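The structure displayed is predicted, hence computed values, not measured ones.
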Amino acid sequence: MTVGDTTSGAGEEPPSDSSVHATPHHEVDHTAEPTDDPLAIRLEALILGADRRYTPFQAARTAGVSMDLASRFWRAMGFADIGQAKALTEADVLALRRLAGLVEAGLLSEPMAIQVARSTGQTTARLAEWQIDSFLEGLTEPPEPGMTRTEVTYPLVELLLPELQEFLVYVWRRQLAAATGRVVQAADDDEMVDRRLAVGFADLVGFTRLTRRLEEEELGELVESFETTAADLVAAHGGRLIKTLGDEVLFAADDAGTAAEIALRLIEAMSQDETMPALRVGIAFGTVTTRMGDVFGTTVNLASRLTSIAPKDAVLVDGAFAKELVRHGEAPESEAQAAEEAAAVAERARLAEKEGREVVEELPLPTYRFGLQPMWQRPVRGLGVVEPWLLARRGKTGS
């Protein structure tokens, strides 16, 4: 999939000069032209469901879209420039019509349509690379001596393509439904864009030293194990994995209790794996701006700083996060308060027993899932003085 020259409008013929610039100061990369390898062409036609038919200019003109807008859409999707090679199909024309139609109908602004193209392209590009590098590569081992991997690839793709396509759409719809539900439950219109979330970073300690000591394959297996475990735990306990960065994961949750549970379970899971280095987690709670599936803002920066100063196998949280736990009855304001509450309940139970009343009728002891210990105040670059709290588990919880 490719783009071409952006200097021609939909009603103009493309310049014949092969040195034309796609955008100012941007030379067309003719090395990105589609391959002529017969098997690659057959696989492309199988996956795209159509043969090459149009140059970029012809595709834009057929779709009724200016060459400039078509090129911006294609580049946002991550497709390479190919000048005016004949490499596009009816599907490319239809995609242009759909995006441009959403803009013309006023459903999307042009910048928003570009964002849709970019977010979709970035997400699916990563998925496609993973499927080829790991999934497909492992499945195309020749089943018989003398067979080549390329001979196995075509029939395998032919069998898998419709199933993977249906599965992709299913997962996307599920994720879209969940995301929409979270947004419409926001307290007000402003919160639908700038929301209050708990944001956490989990970081492997000493990862840089590990990269010098481990073989590449061992390092890859460790990173994959860490990312897989983190992703599973975050999802299972109601959070959202925002992104993985090799030795670090970024996650978010709608409430502090969920984020606290995720953080502590991450520490517990990693500490039980002897192959894993120590883990440290930092969490902050506050207003977060979300764009293209990522999160931004002071809250995210603070969570990152807390992670960098957290002790090994420990979780540091900011004051706003601690207040959220206390407000929702997930943690006591202090251990002294918890002790006073326990003493008061014990005294009521003693009096009930003395008076011959059923003890079970008395007010039960408050059950807190988490404990908070104030740590030392310290200045954090760009964020002023911060007082972190050490988060720990109190009492017993289910597995």
Tell me the closest heavy-atom pair linking [X] and [Y], and the distance in Å.
| X | Y | value |
| --- | --- | --- |
| Gly257 | Glu330 | CA-OE2, 3.9 Å |
| Ala117 | Leu99 | CB-CD1, 4.3 Å |
| Arg280 | Thr307 | CD-O, 3.3 Å |
| Ser109 | Val103 | O-CG2, 4.1 Å |
| Asp51 | Ala45 | OD1-CB, 3.5 Å |
| Pro311 | Leu316 | CD-CG, 4.1 Å |

Could you give the distance from [atom1] ([X]) to [atom2] ([Y]), rounded to the nearest 0.5 Å?
| X | Y | atom1 | atom2 | answer |
| --- | --- | --- | --- | --- |
| Met270 | Phe226 | CE | CZ | 5.0 Å |
| Asp318 | Trp389 | CG | CH2 | 11.0 Å |
| Thr89 | Glu44 | OG1 | CD | 8.0 Å |
| Leu108 | Leu102 | CG | CG | 5.0 Å |

[Y] side chain reached by [X] side chain, heavy atoms, under 4.5 Å:
| X | Y | answer |
| --- | --- | --- |
| Met77 | Thr120 | no |
| Leu96 | Phe73 | yes |
| Phe57 | Met67 | yes |
| Phe201 | Val249 | no |
| Leu391 | Phe370 | yes |
| Val93 | Leu88 | no |
| Leu390 | Leu372 | no |
| Lys312 | Val205 | yes |

Looking at [Y] and [X], is any side-chain nitrogen of the basic one under 4.0 Å from a carboxylate oxygen of the acidic one?
| X | Y | result |
| --- | --- | --- |
| Arg75 | Asp81 | yes |
| Arg378 | Glu387 | no |
| Glu129 | Arg126 | no |
| Asp294 | Lys243 | yes |

Query raised in the report: Does Arg118 reach the main-chain N or O of Ala113 with its side chain, forming a donor-acceptor pair under 3.5 Å?
Result: no

**Report entry** Under 3.5 Å donor-acceptor, Glu218 side chain and Glu215 backbone
**Finding:** yes

Query raised in the report: Would Met375 and Ile309 satisfy side-chain contact (heavy atoms from CB on, under 4.5 Å), going step by step from the backbone distance to the final call?
Result: CA-CA 11 Å; Met375 304 293 283; Ile309 63 175; over 6 Å; no

Query raised in the report: Please walk me through it: do Arg305 and Leu383 pass side-chain contact (heavy atoms from CB on, under 4.5 Å)?
Result: CA-CA 9 Å; Arg305 298 289 191 274; Leu383 297 172; 3.8 Å; yes

Requested in this report: Start with the C-alpha distance between Asp254 and Arg240, add both sets of side-chain angles, then the distance that settles salt bridge (charged side-chain N to carboxylate O under 4.0 Å, His left out), and finish with yes or no.
Outcome: CA-CA 9 Å; Asp254 293 330; Arg240 298 185 298 286; 3.4 Å; yes

Query raised in the report: Quick one: do the Asp255 and Thr258 side chains pair a donor with an acceptor below 3.5 Å?
Result: yes

Query raised in the report: Will you find, in the side chains of Thr275 and Asp273, an N or O donor that is under 3.5 Å from an N or O acceptor?
Result: yes

Query raised in the report: Is there a path from Phe285 to Leu241 through hydrophobic residues (I, L, V, M, F, W, Y) whose side chains come within less than 4.5 Å of each other?
Result: yes

Report task. Determine whether more than 12 heavy atoms belonging to other residues, nucleotides or ligands lie under 6.0 Å from atom CZ of Phe296. Result -> yes

**Report entry** Crowding at CD, Glu224 (>12 non-hydrogen neighbours, <6.0 Å)
**Finding:** no

Query - Set of residues satisfying side-chain contact (heavy atoms from CB on, under 4.5 Å) with respect to Arg53, sequence neighbours excluded - result: Glu90

